[in-house]
Amino acid sequence: MSELEEEYRLDYFEEEGFVRKECTDCGDFFWTRDTGRETCGEPPCENYQFIDDPGFPDEYTLEEMREAFLSFFEENDHERIEPYPVAANRWRDDVLLTQASIYDFQPLVTSGQTPPPANPLTISQPCIRMQDIDNVGKTGRHTMAFEMMAHHAFNAREEVGDEYAYSGEVYWKDETVEYCDRFFESMGADLEDITYIEDPWVGGGNAGPAIEVIYKGAELATLVFMSMEADPDGDYEMKDGNRYSKMDTYIVDTGYGLERWTWVSQGTPTVYEAVYPEMIAFLKDNAGIEHSEEEEKLVHRASKLAGHMDIDEAEDMEAARDNIARELDVSKSRLEDLLEPLEDIYAIADHCRTLAYMLGDGIVPSNVATGYLARMVLRRTKRLCDNVGVDAPLDELVDMQAERLEYENRDTIRDIVRTEVEKYRETLEQGGRRVERLAKEYAEKGQPIPTDELVELYDSHGIQPDMVEEIAADFGTEVDVPDDFYSVVASRHDGGQAFEEEEDEDDRLADLPKTERQYYEDQYGTDFEAVVLDVFEREGEGDDGETMYDVVLDQTMFYPEGGGQPADRGTLTTDDTSVKVSDVQIEDGVILHRTDDELGKGDIVRGKIDRERRRRLMRHHTATHLVVHAAREVLGEHVRQAGAQKGIDSSRIDVRHYERIDRETKEKIEMVANELVMENTTVQQEWPNRHEAEEEYGFDLYQGGIPAGQNIRLIHVSEDVQACGGTHVRRTGDVGTIKILNTERVQDGVERLTFAAGDAAIEATQRTETALAEAADILDVAPEEVPETAQRFFDEWKDRGKQIEDLKEQLAEARASGGGSGEEVEVGDSTAVIQRLDADMDELRATANALADEGKIAVIGSGADGATFVVAVPDGVGVNAGEVVGELARKVGGGGGGPPDFAQGGGPDAEKLDEALAEAPEVLQQVQNA
RNA sequence: GGGCCCAUAGCUCAGUGGUAGAGUGCCUCCUUUGCAAGGAGGAUGCCCUGGGUUCAAAUCCCAGUGGGUCCA
């Protein structure tokens, strides 16, 4: 850290008369105007000083505080930026949720590939930190959802010129600290009370000096000066033990906690009371929580103490509670009875805000990714509500927050919450029954429910161990919950990790110029001329191991595989030869044409792409945009594309939605999509600046992934606008027609729509029509009558099955009582009937049973399908049917068995059946004697 | 993206290779009758679909479909 010491010697500190001191408690270095100060000011070195004694002259609500911050920086030449979604995985694939304002600009802006939307800028970014979930409500200061107010400046060293998307210095450390000071000043804070602690920052491969800003015991801001990157040969060793070196870009990354600032301005005992006063009042009232004046005072004092204590760890919670109780001179249980309901209520308010952010930004609960996080939060919130006795519907509670956050899709949010609560209820109900059965079972055995059953219940059925304990208690059953339960569950999930294939990078490839993409200039073009720049030999890459070639041209009409659109095919022709193009890929802007034969470097070639294939792909691509657009219109604004694949005969898109799409809904989507086709509007492409595009259309542009670069290609189809690199038809009418073939649920919360466009749609319709016509033909009715007729046939078929069953029974009885056909022999005191009857197993069984009912041993053999035997023995006769069958079956090369009074068996050698039956009397004798 | 679990009577579920079951609901009758209840009898079923193994599959194996759940 000492290596960074110089980094903190700011001119600003000097001019303002700051002194650098070492905290007498924790040893951290800090800067202050107060020369007499000894500690850094941050808990646990010091306590909160703002509770019941607000830090600013005026109280602020959340909204007022946000506005105060943003307008302060606006007045100081920062541009105000609209917040990004909380679902960060919409623009980056390394994280799920937005956890800080800087996430908005990673990785493209921070690495200098893409310019920032404004420079410098200010923003208040909603964030969600799931890792704090257990502390929410309990510590008085943790929230899962919060807004990070920030100002950012993106700088690049002068000497690197215009290599990056921004250049030069906007401002750096001195100005950043000065802004912080002046903002405090504008709020009416006492500047003597502020300390700036030196606290270098490391994260995500970057690092830099950073400063924590403490005021009245609360950390109100962090000023990060991101300027280093991981580098084994770097000059600086940071606190993570790795070495870092300076980057060409350096970025001001600040974070001011909106909730903290609001809290400090109000001086309430907990942050929740400052942030959600109305909601907490509502919840208290709804849960029927009333406190006497004395209790009220106790709670107030307890909250104050809790706020002072450092209880980040769950284990410390118990101890902290003990200390608080002692200090207040009440019993721990009394304190818990008072505080626990309040803690639940604080958590509910916070979780509802989290849910409002998540669902409002279009996350659909599911078993994957952010959807799963949303489901976890929702279920946890529901449990908290049940626990504390809040009976207001959850969708209403979430809506209260959604309304405050000014989301427009509130109806959808409520719908999603209702659906999800209902799903949870069903899961609990089913799980409850399952646990009851288990509890009963183990209660009878007098054993506790073992751990592996618990793991199974949790892992496969989503039932928490505490719920098992609760239900088991009703049956007096113990439950064996190990302390490391969740790690036992985790160990079940250990498995082989897929390893990534590494491809050899060709240096020659890197030196080639980017191929000119003619397919954008003329999407209908199929013929072109080009010069061969290079040819790569690919040995053994062909389907049958033959050598293939990757041809690089200066320009091409061939569309390389991308954005779910397969590559074009066609031919490249010179005066001497013609080669087939079977695949086209793009690598770093260089387009590779996979061919079956060699071309010479410098050759001039005529390219020709498979026109019909391309047309079909274009129709399907435009149709994809139409179907997504139609799905949004029918299902709701939350609908997002979750993957797509275009094809020749059909295409599919996966769409996020919280319910199954039934046939009626499917037809509605199909209708809307086809209406757009019939409108026959033009399909337009443009290449606007990415930030202008984002500003105008929002993040919903990026349905199929986020492209890099300053300018992005937009495709306008009707009202729909998407960032897209694919080829499209000129007018929607050129799609012809769209037929949705199928909908399936590919994951929870993700529906797959398979559809065909143009001639492929007609073909698909014809296929189903043919199937129907053939079915109608077989039934000999008109196609419209197929369902009714099929129903009638099915019913009749069932009826007849029952009749046949009946008749066989009667036949068997008649045979048994009529006797005659079978050979009767005496076995001990009883009579055995040995009979050959070439019929199926059911019939043999019925006959044998009927004989046994008359008190006779039945040995029936059939040669209908191989050789089969049934042996039935009446009650009280000492012959083991299983053994008899076993013996007989062996003679026909098979086996058999069953209970002593009824057995069946057989074997493949039907011609030995009579022989076996002839020996049956002997077998019976033997078995009886044995 | 990966793992695990489930699919049998209208409903809730048993059945672990050998004659498909229980509880509940349904129908009929009896007792009683204000309602509820009780007794006797009866009907329930492509054991999700398709393949495989086997003399024999609801049962074992594979694939599919539908649902549930946990993890990243």
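Residue numbers start from 1 in every chain, and the chains themselves are labelled A, B, ... in the order their sequence lines are given, proteins ahead of strands.
Interface remark: the Asp459(A) side chain does not form any donor-acceptor pair with the rU69(B) base, using a distance-only criterion of under 3.5 Å. If you check distances only, the side chain of Asp748(A) never reaches the base of rG67(B) with a donor-acceptor pair under 3.5 Å.
Along RNA chain B, the nucleotide nearest to Met376(A) and the one nearest to Gly907(A) differ in position, and the one closer to the 5' end is contacted by Gly907(A).
At a threshold of 4.0 angstrom between heavy atoms, the contacts of Glu456(A) are confined to the sugar-phosphate backbone, with no base atom among them. Note on Arg660(A): only backbone sugar-phosphate atoms sit closer than 4.0 angstrom, heavy atoms only; bases stay farther off. Residue-level contact check: Lys891(A) touches neither bases nor backbone, having no heavy atom under 4.0 Å from any strand. Among the atoms of the strands shown, only primed sugar atoms or phosphate atoms (P, OP1, OP2) are found under 4.0 Å from some heavy atom of Tyr458(A).
Between the Thr98(A) side chain and the Pro85(A) main chain, a donor and an acceptor come within less than 3.5 Å of each other.
For the salt bridge (Lys or Arg N to Asp or Glu O under 4.0 Å) criterion with Glu751(A), the lone passing option out of Arg652(A), Arg660(A), Lys666(A), Arg745(A) is Arg660(A).
Under a 4.0 Å N-O distance rule, the pair Arg800(A)/Glu796(A) qualifies as a salt bridge. Using a cutoff of 4.0 Å between basic side-chain nitrogens and carboxylate oxygens, Glu805(A) and Lys808(A) are not scored as salt-bridged. A salt bridge between Arg433(A) and Glu436(A) is absent, with no side-chain N of the basic residue lying under 4.0 Å from a carboxylate O of the acidic one.
Distance check on atom P: rG66(B) versus rC60(B) gives 23 Å, rounded to whole Å. A distance of about 16 Å separates the C1' atoms of rU65(B) and rC46(B), rounded to the whole Å. For the C1' atom pair drawn from rU44(B) and rU28(B), the interatomic distance equals 15 Å after rounding to whole Å. Taking atom P on both nucleotides, rC61(B) is separated from rG67(B) by 23 Å, rounded to a whole Å. For the P atoms, the distance from rA7(B) to rC11(B) is 14 Å, rounded to whole Å. Using atom P as the reference point in both rC6(B) and rA63(B), the two lie 16 Å apart (nearest Å). The C1' atoms of rU24(B) and rC62(B) are separated by 37 Å, rounded to the nearest whole Å. A distance of about 10 Å separates the C1' atoms of rA57(B) and rG18(B), rounded to the whole Å.
Closest approach of Leu913(A) to Ser862(A), counting heavy atoms only: CD2-C, 3.4 Å. Of all the heavy atoms in Ala881(A) and Phe902(A), the pair that sits closest is CB-N, 3.8 Å.
Proximity note for Lys802(A) (side chain, C-beta onward) versus rG45(B), rC55(B), rG68(B): the nearest is rG45(B). Here the nucleotide nearest the side chain of Arg745(A), chosen from rG67(B), rU69(B), rC46(B), is rG67(B). Set against rC4(B), rC70(B), rC46(B), the side chain of Trp797(A) has rC46(B) as its closest nucleotide.
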Decide side-chain hydrogen bond (donor to acceptor under 3.5 Å, both in side chains) for Tyr658(A) and Asp415(A); before the verdict, give the C-alpha distance in whole Å, the side-chain angles of both, and the deciding distance to 0.1 Å.
-> CA-CA 9 Å; Tyr658(A) 52 92; Asp415(A) 225 24; 2.8 Å; yes

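Under the Watson-Crick or G-U wobble criterion, with both distances below 3.5 Å, rG1(B) is paired with rC71(B). Base pairing annotation: rU65(B) forms a Watson-Crick or G-U wobble pair with rA7(B), both donor-acceptor distances under 3.5 Å. Summarising the base pairing, rC60(B) is matched to rG52(B) through a Watson-Crick or G-U wobble pair whose two defining distances lie under 3.5 Å. The nucleotide rU32(B) finds no pairing partner, because no Watson-Crick or G-U wobble arrangement with both distances shorter than 3.5 Å includes it. Applying the Watson-Crick and G-U wobble criteria (two distances, each under 3.5 Å), rG41(B) pairs with rC27(B).
Rounded to whole angstrom, the span from the NE2 atom of His461(A) across to the C1' atom of rC4(B) amounts to 9 Å. Atoms CD (Glu751(A)) and P (rU65(B)) sit 13 Å apart, rounded to a whole Å. The separation between Glu429(A) atom CD and rG68(B) atom P is 14 Å, rounded to whole Å. Atom C1' of nucleotide rA72(B) and atom CG of Leu96(A) are separated by 8 Å, given to the nearest angstrom. Atom P of nucleotide rU49(B) and atom CZ of Phe794(A) are separated by 10 Å, given to the nearest angstrom. A straight line from CG of Asn89(A) to C1' of rG1(B) spans 13 Å, rounded to a whole angstrom. The distance from atom CZ of Arg375(A) to atom P of rA72(B) is 15 Å, rounded to the nearest whole Å. The nearest whole Å value for the distance from the CD atom in Glu422(A) to the P atom in rG67(B) is 16 Å.
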Any chance you could list the contact pattern along nucleotides 9-20 of chain B? Use B for base contacts, S for sugar-phosphate-only contacts and - for none, protein heavy atoms under 4.0 Å, 5' to 3'.
-> ---SSS---BBS

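Considering only side-chain N and O atoms, Ser460(A) lies nowhere under 4.0 angstrom from the phosphate OP1 or OP2 of rG68(B).
For the salt bridge (Lys or Arg N to Asp or Glu O under 4.0 Å) test, residues two or more places apart in sequence or in another chain that qualify with Glu919(A) are Lys891(A).
Put simply, the side chain of Glu469(A) reaches to within 4.5 Å of the side chain of Val481(A), judged on heavy atoms.
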